[in-house]
Amino acid sequence: MKVLLVLPVLVPMTTAALSLLIFQRTGRQPALGFIGSVLQLAVGVALLRAVHRGGIQSTQLGGWPAPYGITFVVDLFSALMVLLSGIIAVVTSIYSVSDIDRERRARGFYPLMHALLMGTNGVFVTGDLFNLYVWFEVTLIASFVLLVLGNERPQMQGAIKYVAMNLIASALFLTGLGILYGSVHALNMADLSLKLPSLAPSIRITLAMIFLVAFGIKAAVFPLFFWLPDSYHTPPVTVTALFAGLLTKVGVYALVRIFTLVFVVDQGATHALLLGIAAFTMAVGVLGAVSHREVRRILAFHSVSQVGYMVMGLGLFTLSSLSGAIFFVLHHAIIKSNLFLISGIMRSDRKDVPLELQGGLLARSPGLSACFLVTALSLAGMPPLSGFWAKLILVRSGLEVGSRGAAAVVATSLAVGLVTLISMTKIWNEAFWKPAPAEADLAPREGGARRRALLYVPVVLLTALGLTLGMAPEPLLDVVRRAAAQLAEPTEYVRTVLGEGNP
């Protein structure tokens, strides 16, 4: 069992190292990357099964007891995120075979991809804030190089904003760690949950705001989101789908973890602020999507908007709303990654033309059209798809809370859902429904049947998974409710990490 807790980091690290050993053999790297992704998915399944049956699991690396050593701890929320990471890894590795060219393979795409997965999984399983910082930096380095791989001018422009904002987040994170350790001499999150209440309220609030800004940048919440739309449309679609599925989720995960485990005393102040941030993030993101005409920019702004729903669940801070937030994270990672992969096939069919010069995809690619329609409607929250259940849980939670702030964020979420539907309808009408304009360049890019099949396989898999979550959500909802209960009442988490003698 203890070895299983380390495998989410060990498997992608080993895959990255082996990819470096065959660095010049670009033809073999996709197969190795796929095998590593499948193994990671298997680890995610095994870890979720173990935690679901045996409760929260913890181990100490290096022989040092908690809270002094390096702690790996996995509850149901962590296990679900590791499983999600494996799903995204598998589908993007399949897609990359056709999407990532030989030049980018030779420059290290596959080692970097698995280094990114190692960093994200490290975030999900670590039990102390200093190592959370370390894994954040691993993720930042790998994602930055993936973002600029190819050295195209738009990539560099987006990468400068991305790395600048994330370096600010890292500096704030490190500053918060220094203040925190100087105040309570602890960085283990379970230990902090016991010691932080003894601090003066002013220091607690200051620390909470520092970490909120640091993690808010990584989650792309209002007003710290502008790096994301300028970055997501520039790299290859495989990279964008990988980022959409995992990067902002890492920031959201960190927010949920610290505001349910560490900063839980001053909820009146912090969670009211989180609700306001959630409302503005939803609204500004969807307005940005409506104002643009390029598919990947539209989808990037929707990524910002949808983060607002996740933060909404945290801000409401009820058992039901936390369930909704977790379900929304899982739903959105699958749906948004799929939409970006579909956008890549759209570009393959119509080259890099603006949205208004596209058209005719419904007649040309009915299968792709069906996948897009189902996924887009799920993003907008149409019943009975997964987005509907995620939003329904959050809306009902807000109505149950009954405060003015909760009512305002519920009203915002409903309005944003309607505008999201309008925005996705714009893509459907322009690219799929209307006939192709005569002046459009309809010549498909180079590539045979095998290449096109490998582009469609992950799209079909994610569409099927999204449909399954919508048509039969109860098994996942049962796990999600248990995960939310562990977050809302962290006693088991603390006892598992520090020992039975702690409250």
Between the main-chain N or O of Gly288 and the side-chain N or O of His292, is there a donor-acceptor pair closer than 3.5 Å? yes
Any chance OH of Tyr133 has more than 12 other-residue heavy atoms, nucleotides or ligands included, within less than 6.0 Å? yes
Among Ile326, Ile393, Val395, Leu316, which residue meets the side-chain contact (heavy atoms from CB on, under 4.5 Å) test with Ser321? Leu316
Report the residue from Leu177, Val184, Thr175, Leu199 that forms a side-chain contact (heavy atoms from CB on, under 4.5 Å) with Leu207. Leu199
Any donor-acceptor N/O pair, Trp389 side chain to Glu474 backbone, under 3.5 Å: no
Minimum-distance pair of heavy atoms, taken over all atoms of Arg104 and Pro236: NE-CG, 3.4 Å
dist Arg204:CZ -> Ser198:OG (nearest 0.5 Å) comes out at 8.5 Å
Verify, without hydrogens or angle tests, whether Ser337 (side chain) and Ala241 (backbone) share a donor-acceptor contact under 3.5 angstrom. yes
Considering all heavy atoms, the nearest Ser96-Phe109 contact: CB-CE2, 3.9 Å
Minimum heavy-atom distance between Leu147 and Ser231, given as atom pair plus value: CD1-O, 3.7 Å
Show every side chain to side chain donor-acceptor pair (under 3.5 Å) that has at least one partner inside residues 236-252, sequence neighbours left out. Asp99-Thr238, Thr240-Arg296, Lys249-His332
Does a sphere of radius 6.0 Å around CZ in Arg396 hold more than 12 heavy atoms from other residues, nucleotides or ligands, not counting ones at 6.0 Å or beyond? no
For Ser93 and Ser37, indicate whether the former's side chain and the latter's backbone hold a donor-acceptor pair under 3.5 Å. no
Quick check with a 6.0 Å cut-off and a 45 degree axis cone: is Lys391 positioned over the face of Phe328's six-membered ring? no
Any donor-acceptor pair under 3.5 Å linking the side chain of Ser423 with the backbone of Thr420? no
With a 6.0 Å cut-off (strictly less than), is the heavy-atom count around NZ of Lys161, excluding the residue itself, greater than 12? no
Do you know the tightest heavy-atom contact between Ala219 and Leu255? CB-CD1, 4.2 Å
Hey, could you give me the CE/CG distance between Met189 and Asp128, rounded to the nearest 0.5 Å? 6.5 Å
Stepwise side-chain contact (heavy atoms from CB on, under 4.5 Å) check, Leu476 with Leu80: CA-CA 10 Å; Leu476 179 60; Leu80 284 168; 4.2 Å; yes
Check Ile205 against Thr270 and note the closest heavy-atom contact, atom names and distance. CD1-CG2, 4.4 Å
A side-chain contact here means heavy atoms from C-beta on lying under 4.5 Å apart; do Ile258 and Leu192 qualify? no
Apply side-chain contact (heavy atoms from CB on, under 4.5 Å) to residues Ile277 and Leu212 and explain how you reach the verdict. CA-CA 11 Å; Ile277 291 172; Leu212 175 58; 3.9 Å; yes
Qualifying residues under ring-ring contact (aromatic ring centres under 6.0 Å, His included), relative to His302, sequence neighbours excluded: none
Going through the distances and angles, do Ser170 and Glu137 end up as a side-chain hydrogen bond (donor to acceptor under 3.5 Å, both in side chains)? CA-CA 8 Å; Ser170 297; Glu137 293 308 294; 2.5 Å; yes
Sort and list the pairs that fulfil ring-ring contact (aromatic ring centres under 6.0 Å, His included) and have at least one residue in residues 47-81, not counting sequence neighbours. Phe77-Tyr253
Check for a donor-acceptor pair, side chain of Thr126 on one end and backbone N or O of Gly122 on the other, with a separation under 3.5 Å. no
After noting the C-alpha distance and the side-chain angles of Arg257 and Ser78, does the key distance pass the side-chain hydrogen bond (donor to acceptor under 3.5 Å, both in side chains) rule? CA-CA 10 Å; Arg257 181 62 71 192; Ser78 301; 3.0 Å; yes
Run the numbers on Ser386 and Ser378 for side-chain hydrogen bond (donor to acceptor under 3.5 Å, both in side chains), then give the verdict. CA-CA 6 Å; Ser386 58; Ser378 182; 3.0 Å; yes
Is the closest side-chain heavy-atom distance between Leu116 and Thr139 below 4.5 Å? yes
How far does CD1 of Ile94 sit from CG of Leu341, to the nearest 0.5 angstrom? 10.0 Å
What verdict does the side-chain contact (heavy atoms from CB on, under 4.5 Å) test give for Met118 and His114, after you've listed the backbone C-alpha separation in whole Å, the side-chain angles of each residue and the deciding distance to 0.1 Å? CA-CA 6 Å; Met118 176 181 67; His114 286 275; over 6 Å; no
Go through the steps to decide whether Asp191 and Lys195 satisfy the test salt bridge (Lys or Arg N to Asp or Glu O under 4.0 Å), and finish with yes or no. CA-CA 6 Å; Asp191 197 29; Lys195 293 182 176 179; 3.2 Å; yes
In Å and rounded to the nearest 0.5 Å, what is the CD1 to OG1 distance from Ile334 to Thr468? 9.5 Å
Looking at residues at least two apart in the chain, or sitting in another chain, which of them share a side chain to side chain donor-acceptor pair (under 3.5 Å) with Thr375? Asn338
Beyond-backbone contact of Lys218 with Leu247, side-chain heavy atoms, under 4.5 angstrom: no
Are the side chains of Leu84 and Val82 in touch, meaning some heavy atoms are under 4.5 Å apart? no
Main chain of Gly36, side chain of Thr15: is a donor-acceptor contact present, judged purely on distance under 3.5 Å? no
Separation of Thr71 OG1 from Asn188 CG (nearest 0.5 Å): 4.5 Å
May I have the step-by-step check of side-chain contact (heavy atoms from CB on, under 4.5 Å) for Val286 and Gln306, ending in yes or no? CA-CA 8 Å; Val286 81; Gln306 302 291 299; over 6 Å; no
Student check: side-chain heavy atoms of Tyr232 and Phe340 closer than 4.5 Å: yes
Listed partners of Ser85 passing side chain to side chain donor-acceptor pair (under 3.5 Å), at least two apart: Gln40, Asn121
Within the structure provided, determine whether Ser303 and Leu299 are in side-chain contact (heavy-atom separation under 4.5 Å). no
Has the side chain of Tyr162 got a donor or acceptor atom that lies under 3.5 Å from a matching backbone atom of Phe144? no
Using 0.5 Å steps for rounding, measure from the CG atom of Leu469 to the CG atom of Leu477. 9.0 Å
Could you list all the ring-ring contact (aromatic ring centres under 6.0 Å, His included) pairs where at least one residue sits in residues 201-222, not counting sequence neighbours? Phe136-Phe215, Phe173-Phe211, Phe173-Phe215, Phe211-Phe215, Phe211-Phe263, Phe222-Phe280
Using modelled atom types and a 3.5 Å cut-off, is there a donor and acceptor pairing between side-chain atoms of Gln57 and backbone atoms of Val73? no
Closest contact, heavy atoms only, Val295 versus Ser343: CG1-CB, 3.8 Å
Side chain to side chain, Leu242 and Leu117, heavy atoms closer than 4.5 Å: yes
Taking the side chain as every heavy atom from C-beta outward, state whether Leu339 and Lys336 have any pair of such atoms under 4.5 Å apart. yes
